[in-house]
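Here's the structure we're looking at; comments come further down.
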Amino acid sequence: MEMGMGMKVFGLDMVACRGFIYTVLILNFVFCCQLILLQPLVAAIDGKPGDPATLFERVSQSIKVKKYSEALAELNAAIEADPALSEAYSHRASVLRQLCRYEESEESYKKFLEMKPGNSAAEKELSQLHQARNALDSADNLFISGDFNKALEYIEKVVLVFSPACSKAKLLKVRLLIATKDYSSAITETGYILKEDEANLEALLLRGRAYYYLADHDVAVRHYQKGLRLDPEHGELKKAYFGLKNLLKKTKSAEDNASKGKLRLAVEDYKAALALDPDHSAYNVHLHLGLCKVLVKLGRGKDAVASCTEALEIDGDLVEALAQRGEAKLLVEDWEGAVADLKSAAEKSPQDMNIREALMKAERSLKLSQRKDWYKILGVSKTASMSEIKKAYKKLALQWHPDKNVDNREEAEAKFREIAAAYEILGDEDKRTRYDRGEDLDDMGTGMGGGGFNPFGGGGQQYTFHFEGGFPGGGFPGGFGGFHF
């Protein structure tokens, strides 16, 4: 029995032994793995021969994938472990220069040059640092002064060449692109920034602003909203977001009032919307057009011409603006201008029958404006009676009879001929009616052409006119009692 108990105890001891041995083996394996994984960091800290090369290779790889923080952390750890590791200072200076952390970078370059005096590579990079820093300062000042193209040149050709990871320079470049109205490039550049840091609030603001100026307001709103979710109190994001909301609200109010026939209210709303951001050309072109259309309906031709002209200065090929300006010019009796605008609109949109009808109307108005105004020549209104027309004719015929204007006979003959032609049209009920309708009467003899009415007959000075009852006062000296001479 004692022997059995001994075997059992012995058996239990053997199991425990095996468990202990397995545990030791597993722990030893884990420890070895940890040593392998930590070997590069240990090597960097220990500064063993050959390890710096491995460290700098890792730093180089981190920079390639734009993990600048990791690269700096490794370099700082290496310098802390071995302050005499000169190459670590050089590499750290280079990383800091690329990030445009110029003061820190300069300190590291100087520390390296203390250890390695006269190193040409370090001296060259230090010179590049100074160039980049000066260029960035210059670009800032040029941006403030409004010389955007020159500032952009400094950023692209100097700063981002020597400091390609400079966030400040990248964001300034985007601001400059927006200032020069290169919105597509601004969107591209902010896309690169947000790919590296999707929570960059300034990049979200600027990208939203670029979409805003392209009138892609839905996308602009999404960028502003994303930024405000990250920082609800961001001043510029709040201003941009609520400014856009206000613009859209004013526009909708203007369009609603126009559709309801509340034209004067629509005019005020359109003007208020335009005042919110005069630089928003891509959107304001439609506001100017909307305002022009309302003003045409109100009969305010001069104001309508101005609004449509604003739209066409933004987009010269906007057919509707050309057509509306043509209509507006008809209101101010600029017949030639109306024909020019409507003809241009018809050429751009040949299938639009409304434009073609407006063009025909403008051409007819132009033609009517170019014919002689017989009413004006006789000095009577368009509603004058036949007796008023006859009375005016007699008076003017006496006034401009060539025999009474010996000193200016040629002028008098021309005037007299014109007066007679006017009376030929207006003194005839049928011809007058057709003239008032705008019909072409040139082929009926209007004193305008070779076969027309000529009070001087075949060109000589003997001609005869007859007025019922003769001229008042008897006749002209020289022998004509019934207006025959």
Side-chain angles (χ1 to χ4, degrees), residues 215 251-271 273-274 281-376 381-383 425 431-444 446 448:
T251 302
K252 187 175 187 307
S253 177
E255 292 171 346
D256 287 346
N257 281 323
S259 66
K260 293 174 183 176
K262 300 177 180 179
L263 302 182
R264 287 178 174 79
L265 288 176
V267 168
E268 296 307 313
D269 285 334
Y270 274 121
K271 287 182 176 179
L274 283 165
S281 300
Y283 189 67
N284 288 351
V285 64
H286 303 295
L287 295 177
H288 284 301
L289 176 57
L291 177 58
C292 176
K293 291 164 72 173
V294 173
L295 290 168
V296 168
K297 290 179 181 178
L298 286 169
R300 292 168 56 179
K302 184 178 178 181
D303 293 334
V305 168
S307 291
C308 271
T309 299
E310 291 278 3
L312 288 165
E313 284 178 356
I314 298 170
D315 182 358
D317 293 324
L318 192 59
V319 174
E320 194 172 3
L322 278 169
Q324 285 294 318
R325 189 170 71 174
E327 296 278 7
K329 286 180 177 179
L330 287 175
L331 294 173
V332 296
E333 298 185 356
D334 178 6
W335 316 119
E336 291 183 358
V339 168
D341 280 347
L342 290 164
K343 187 175 288 185
S344 179
E347 289 172 355
K348 295 176 186 297
S349 183
Q351 304 303 318
D352 193 319
M353 294 308 298
N354 290 327
I355 293 175
R356 295 184 69 82
E357 288 175 10
L359 174 59
M360 291 172 63
K361 176 183 174 183
E363 288 175 334
R364 186 166 57 251
S365 297
L366 174 60
K367 187 173 183 179
L368 291 175
S369 74
Q370 291 172 337
R371 69 180 183 170
K372 285 185 180 293
D373 186 344
W374 302 125
Y375 290 102
K376 186 176 182 181
S381 71
K382 292 183 179 181
T383 59
I425 297 296
K431 290 181 180 179
R432 181 184 179 186
T433 300
R434 293 173 62 190
Y435 172 77
D436 288 343
R437 283 203 302 260
E439 293 183 23
D440 189 354
L441 302 179
D442 285 354
D443 59 346
M444 298 179 57
T446 60
M448 302 280 293

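Quick note: residue numbers are just sequence positions, from 1. Atom set for the values below is all heavy atoms of this structure, side chains included, hydrogens, waters and symmetry mates excluded.
The minimum heavy-atom distance between S307 and L295, with the atom names listed, is OG-CD1, 3.6 Å. I425 and W374 get closest at one heavy-atom pair: CG1-NE1, 3.8 Å. Nearest heavy-atom pair across I314 and N284 is CD1-C, 4.4 Å. The minimum heavy-atom distance linking L287 with A273 is given by the pair CD1-CB, 3.9 Å. Scanning all heavy atoms of the two residues, the minimum distance from V294 to A258 falls at CG2-CB, 4.0 Å. The two residues V296 and A304 have their closest heavy-atom pair at CG2-CB, 3.7 Å.
Y283 and T251 share a side-chain donor-acceptor pair at under 3.5 Å. Judged purely by distance below 3.5 Å, without hydrogens or angles, the side chains of D436 and Y375 pair a donor atom with an acceptor atom.
To the nearest 0.5 Å, the span separating CG on L359 from CE on M353 amounts to 11.0 Å. Between S253 atom OG and L265 atom CG the span is 8.0 Å, to the nearest 0.5 Å. The OG1 atom of T433 lies 12.5 Å from the NZ atom of K431; values are rounded to the nearest 0.5 Å. For the atom pair CD of E268 and CG of L291, the computed distance is 9.5 Å after rounding to the nearest 0.5 Å.
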Task: Worked verdict on L312 versus D341 for side chain to side chain contact (heavy atoms under 4.5 Å, CB included) - done: CA-CA 11 Å; L312 288 165; D341 280 347; 5.5 Å; no

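Surrounding CD of E313 are more than 12 heavy atoms belonging to other residues, nucleotides or ligands, all under 6.0 Å away.
Between the side chain of R371 and the backbone N or O of Y435 there is at least one donor-acceptor pair closer than 3.5 Å. Of the possible donor and acceptor atoms, none in the side chain of S349 sits under 3.5 Å from a partner among the backbone N and O of A345.
With respect to the salt-bridge test (charged N to carboxylate O, under 4.0 angstrom), the residues K252 and D256 qualify.
Among E327, Q324, E320, the single residue meeting the side chain to side chain donor-acceptor pair (under 3.5 Å) criterion with K293 is E320.
Contacts classified as side-chain hydrogen bond (donor to acceptor under 3.5 Å, both in side chains) and involving residues 350-366 (residues at least two apart or in different chains) are not found.
Counting heavy atoms from C-beta outward, V267 and D303 have side chains that stay 4.5 Å or more apart. Between V305 and T309, some side-chain heavy-atom pair lies under the 4.5 Å cut-off. Side-chain contact between H288 and Y270: absent, with no pair of heavy atoms (C-beta onward) separated by less than 4.5 Å. Between L342 and L322, every side-chain heavy-atom pair lies at or beyond the 4.5 Å cut-off. Considering only heavy atoms from C-beta on, S344 comes within 4.5 Å of K348 through its side chain.
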